[in-house]
Amino acid sequence: MRRLQLLVLISIFTATSFAAGKLNVVASTTDLASLAAEVGGDRIEVQSIAKGYQDPHYVEAKPSFLLMLRRADLLLAVGLQLEIGWLPPLITQCGNPKVQQNASGYFDASKFAKILDIPTTQITRAMGDVHPEGNPHYWLDPQNGLRIAKGIQQKLSEMRPADAAYFEQRFQAFSQKLAAAEKRYDDQMKPYRGRKVVTYHRSWPNFAERFGLNVVDYVEPRPGIPPGPQHTVQLIQMMKRDNVKVILVEPYFDLKTPNAVARETGAKVVVLLPSVGGEKEVTDYFKLFDYDVALLVQTFRSL
Ligand SMILES: [Zn+2]
């Protein structure tokens with residue numbers, strides 16, 4: 001009996017001490033940080049390492065990132081090797097056992113998402129910077145945002161069982177708001193489904209699949225390889241032949257080649273945002289799609 005009382009006391013104590021402090025969440029990207037904030041509400045403190053206007057493949061390590069990771073209870077990563085050039089060394093160097101790749105405080109969001117472009121043949125260096133586990137830009141389908149948010153809800157509940165009902169309610173609210181937003185996006189994009197576009201990098205397969213864009217080629221000859229004259233000439237020929245009038249460019253790429261291609265083909269160059277924070281007003285996951293969908297509609301309408 002005494003033992004039981006003691007156990008009850010211990011579990012009450014653990015539950016209250018768990019509920020006391022906010023969970024310290026660090027996300028590799030702003031998009032994951034935004035999804036975490038949706039679910040975690042005021043029970044978490046969340047920061048992201050990469051800025052939304054930076055190329056998430058290449059992030060320069062700073063001492064402040066190590067400090068962030070040292071204090072983290074949970075690290076959210078995109079995975080699929082997107083951050084392979086910069087996140088693994090930060091994780092090792094921060095020395096925080098909670099967020100090491102095999103620890104329970106390391107959350108790989110790709111495990112919860114629908115992944116496209118999974119290579120079916122052997123990867124060689126000649127293919128460029130191909131991600132062998134599939135395309136890591138998967139957060140650009142709101143349905144994947146929903147799946148990731150669900151995964152975050154489960155993880156937060158596991159870490160803070162006393163707040164499970166709160167996270168569940170936050171997830172439900174997010175889910176409803178997202179369903180309404182997606183209905184709006186579908187209505188806006190409906191007249192333009194099937195439109196052909198060229199994109200700079202392979203950042204948009206999930207977005208294109210969700211919203212009915214037809215990505216016919218890339219400014220990069222191969223993923224991660226800068227544009228060169230031979231591919232650019234072929235690209236111009238193809239765009240003229242197939243009457244492709246839109247080139248989508250991520251904000252961190254040089255506009256020189258896209259602008260040159262646009263001059264030759266009469267196409268429009270559109271800087272579409274792949275991440276929250278790509279522009280000042282794009283402060284969360286909803287505003288990211290609001291911005292991109294509105295910009296696409298405006299572009300297609302003007303052609
Ligand atoms: Zn990429």
Side-chain angles (χ1 to χ4, degrees), residues 8-52 54 56 59 61-79 83 86-87 90-113 139 145-178 275-277 280 282-288:
V8 168
L9 272 176
I10 289 171
S11 61
I12 289 170
F13 176 76
T14 326
T16 44
S17 65
F18 262 140
K22 290 186 182 193
L23 273 173
N24 233 321
V25 181
V26 172
S28 66
T29 67
T30 51
D31 311 289
L32 294 181
S34 177
L35 291 170
E38 292 287 343
V39 179
D42 61 16
R43 310 294 152 90
I44 69 166
E45 209 63 78
V46 60
Q47 290 176 286
S48 77
I49 298 179
K51 303 279 181 239
Q54 283 181 316
V59 174
K62 287 187 195 161
S64 60
F65 300 158
L66 284 177
L67 282 175
M68 275 163 75
L69 285 171
R70 209 162 281 163
R71 287 193 294 254
D73 298 306
L74 176 64
L75 169 61
L76 310 175
V78 174
E83 310 104 329
W86 55 275
L87 191 57
L90 285 173
I91 293 173
T92 313
Q93 284 164 40
C94 80
N96 179 353
K98 288 189 218 166
V99 299
Q100 299 301 308
Q101 283 198 37
N102 51 4
S104 69
Y106 179 86
F107 178 94
D108 179 344
S110 72
K111 299 272 190 283
F112 299 86
W139 67 87
L146 189 67
R147 295 180 184 112
I148 298 162
K150 186 73 198 170
I152 292 173
Q153 182 215 323
Q154 288 160 353
K155 175 53 76 178
L156 294 177
S157 305
E158 182 191 306
M159 298 176 82
R160 288 281 193 275
D163 288 329
Y166 174 81
F167 297 134
E168 164 73 22
Q169 174 257 314
R170 297 271 319 179
F171 171 77
Q172 290 305 337
F174 170 71
S175 167
Q176 280 168 23
K177 194 178 162 195
L178 193 66
S275 281
V276 172
K280 233 185 228 131
V282 180
T283 49
D284 66 29
Y285 193 69
F286 291 99
K287 295 204 174 88
L288 175 63

Could you tell me whether a side-chain N or O of [X] sits under 3.5 Å from a main-chain N or O of [Y], the two making a donor and an acceptor?
| X | Y | answer |
| --- | --- | --- |
| K155 | S104 | yes |
| W139 | S275 | no |
| R170 | Q153 | no |

Using side-chain contact (heavy atoms from CB on, under 4.5 Å), reason through V59 and Q54 one step at a time and then give a plain yes or no.
CA-CA 7 Å; V59 174; Q54 283 181 316; 4.3 Å; yes
What is the distance from atom NZ of K22 to atom CG of D42, rounded to the nearest 0.5 Å?
5.5 Å
NZ on K177 to OH on Y285, rounded to 0.5 Å
12.5 Å
Between [X] and [Y], which heavy-atom pair has the shortest distance, and what is it?
| X | Y | result |
| --- | --- | --- |
| L87 | A77 | CD2-CB, 3.9 Å |
| I148 | F112 | CA-CB, 4.3 Å |
| V99 | I91 | O-CG2, 3.6 Å |
| Y106 | Q100 | CB-O, 3.3 Å |
| A36 | L76 | CB-CD1, 3.6 Å |
| T30 | K51 | CG2-C, 4.1 Å |

Can you name the side-chain contact (heavy atoms from CB on, under 4.5 Å) partners of Q172, sequence neighbours left out?
E168
Show the atom names and distances, to 0.1 Å, of all donor-acceptor pairs under 3.5 Å that link a side chain in residues 62-75 to residues at least two apart or in another chain.
| residue | atom | partner | partner atom | Å |
| --- | --- | --- | --- | --- |
| R70 | NE | C94 | O | 3.3 |
| D73 | OD1 | K98 | NZ | 2.7 |
| D73 | OD2 | N24 | N | 2.7 |

Full working for side-chain contact (heavy atoms from CB on, under 4.5 Å) between I49 and W86:
CA-CA 10 Å; I49 298 179; W86 55 275; 3.7 Å; yes
Between S34 and D284, is a side-chain hydrogen bond (donor to acceptor under 3.5 Å, both in side chains) present by the stated rule, with each step listed?
CA-CA 6 Å; S34 177; D284 66 29; 5.3 Å; no
Check whether any side-chain heavy atom of L32 lies under 4.5 Å from a side-chain heavy atom of S48, and answer yes or no.
no
Decide yes or no for L156 and D163: does some side-chain heavy atom of the first lie under 4.5 Å from some side-chain heavy atom of the second?
no
Does NZ or CZ of R160 lie under 6.0 Å from the centre of the six-membered ring of F167, at an angle within 45° of the ring axis?
no
Please confirm whether the ring centroid of F174 lies under 6.0 Å from the ring centroid of F286.
yes
